[in-house]
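Accompanying notes for the structure given below.
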Amino acid sequence: MTRKSSKTRLFMSMAAFCGLAYSSAITAPSAAPLSMSYTSMASAQHGNNAIIHISNDKSDKELKQAEAFINDLAKTAIGFLADEALSTQDKEKQFKKLLNNRFDMRSIGRFAMGRYWRTASTDQQKEYLTLFNDMIVQVYSRRFSEYQGQAIEVISSRPEGKRDILVASVIKQDNGPDVRLDWRLRTGKDGKLKVIDIVVEGVSMALTQRSDFASVIQRGGGNVQILISHLAQKPE
Amino acid sequence: MCVSASKVMKQKNNKFLTVLALFALMGVTTGCVTSTYDDAQTPGMTDPFEEINRSVFKFNTFIDRNLINPAVDGYRTVVPSPARKGIDNALNNLQSPVHFTNQVLQGDIEGAGDVLFAAIVNTFVGFGGLIDVAEYEGYEHENEDFGQTLATWGVSHGPYVVIPFMGPSTVRDGSGYFIDSFADPLRWYSYNIEEKHIYYNKAGAAYANARNNLKDALTELEASSIDYYASVRSSYYQSREAQVKDKDSSDLASQDTVDFPEYDDF
């Protein structure tokens, strides 16, 4: 068999197979058993991740400080979230304070808007950041309200990107798998550490949000105002 | 990537490997043809069938709300949480042969050893896999599927596809799933003795279990997004990327998250 003919055959069978696998992936849940994608998503719970390493010059001392920051953040949050004497509104107020002190809301908001930030007017940017802040309080309080005193264990930390620190932690659950939680920290202009992203089992909240926002803007014809009015409308 | 795949083809004339290379090429070619990356999407992601996907997604969301979620709530009421954990463990244990095969195909011999060890210990000491004894011993059982194996061979995701009832997938992961079902000894066995329902029951249980594990995360994601479709798509890609890059889960310090781009312009 010459190489050419075997190649041709290869190509033909490849094309045939391509169509077969593709159509079966789409149309044949009865032949192929259920649970494909949801299973693979759910199994993320068991997996972790590793990528490229760009080191910056964070010292061991800075890394230790970052770990202490997360430990302290967790302790503070458990402190008022588990306090039964506090009303839900009180908790939300405390939470808002915690967010504004320990999270770099401007960076998070700026990142979530991606390249559209530059197309927005100064007024739009301002309005967006205010609305974004409110939304984040909602989103993160929901995340934290699920959190019922399970132990958060800081595992390690390392430099991340050009100037950030990544602190890895794990939430230990009694009746489920451990949940991996990574915190991305950056030193703000005031010299204090701030959280700029939370990554749950490999899924970054910031990146997911940016995808969400960009899609809203794109489908709205590329106008930032669409996003702003959606944020303003958002119930709760 | 296209180049490396054709190299793979040239090198291997063994029939088995050729078939594997076909798979690789399939993903790569589809990935090469459609590169519609923009900011709305997670790097490496393509969604050329977005409008169709969105309709299917709408359908799935409707089914989730009216069928799946109430069923999951029922399941949680009837089956207490320790039992649910046991079911999760047992299903995971049943899937061990597939995970093992994929670990080997990915060249992760240590990982394969861990799966094998965990499966033996859990089957014989952990009451048929109901108790994850091995986990206490530090043997983490990683879920490896053929989609991930293809990824370690350099196959990119391929176009994003939302499948009715199944949810988000890609051409690569969908094909991988199809292959995995053939690597499941329980399938061979139940087909051989002409009791296919055994296998279907297991697949059904796996589906129910997966939906139970996912329900809270999805509900929350929906509540916190404006464009739920875009959020799920991004999360799916990120979570698959994370699973592919799980090579060394014991060394947590070496692990990374998604690449969070720098922005210094403010």
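We name chains A, B, ... by the order of the sequence lines, and we start the count at 1 in each one. Values reported hereafter were calculated over all heavy atoms of this structure, with side chains retained and with hydrogens, waters and symmetry mates removed.
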field: Evaluation steps, side chain to side chain contact (heavy atoms under 4.5 Å, CB included), between B:Val232 and A:Thr208
entry: CA-CA 8 Å; B:Val232 168; A:Thr208 307; over 6 Å; no

Close side-chain approach of B:Gln238 to A:Ser204, heavy-atom, < 4.5 Å: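 SC-SC contact between B:Gln238 and A:Ser204 confirmed.
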
- prompt: Would you say A:Asp212's side chain and B:Ile226's backbone share a donor-acceptor pair under 3.5 angstrom?
  reply: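 Between the backbone of B:Ile226 and the side chain of A:Asp212 there is a qualifying donor-acceptor contact (under 3.5 Å).
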
message: Tell me whether B:Asp227 contacts the main-chain N or O of A:Ser215 through its side chain, where contact means a donor paired with an acceptor under 3.5 Å.
response: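 No; zero donor-acceptor contacts below 3.5 Å.
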
task: Nearest 0.5 Å please: distance from the CD atom of A:Gln209 over to the OG atom of B:Ser234.
output: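 Answer for the CD-OG pair, A:Gln209 versus B:Ser234, is 10.5 Å.
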
message: So, taking the atom named OG in B:Ser225 and the one named CE in A:Met135, what distance separates them when rounded to the nearest 0.5 Å?
response: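 One finds 7.0 Å between OG of B:Ser225 and CE of A:Met135.
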
- request: Could you tell me whether the side chains of B:Ser239 and A:Glu201 share a donor-acceptor contact shorter than 3.5 Å?
  value: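 No, no side-chain donor-acceptor pair sits under 3.5 Å.
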
- request: Heavy atoms only: give me the nearest A:Gly202-B:Ala242 pair and the separation to one decimal.
  value: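 Smallest heavy-atom distance, with atoms named: CA-CB, 3.8 Å.
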
query: Below 4.0 angstrom, N of the basic side chain to O of the carboxylate: do A:Arg219 and B:Glu51 qualify?
result: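 Here A:Arg219 pairs with B:Glu51 in a salt bridge, since their nearest N and O are under 4.0 Å apart.
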
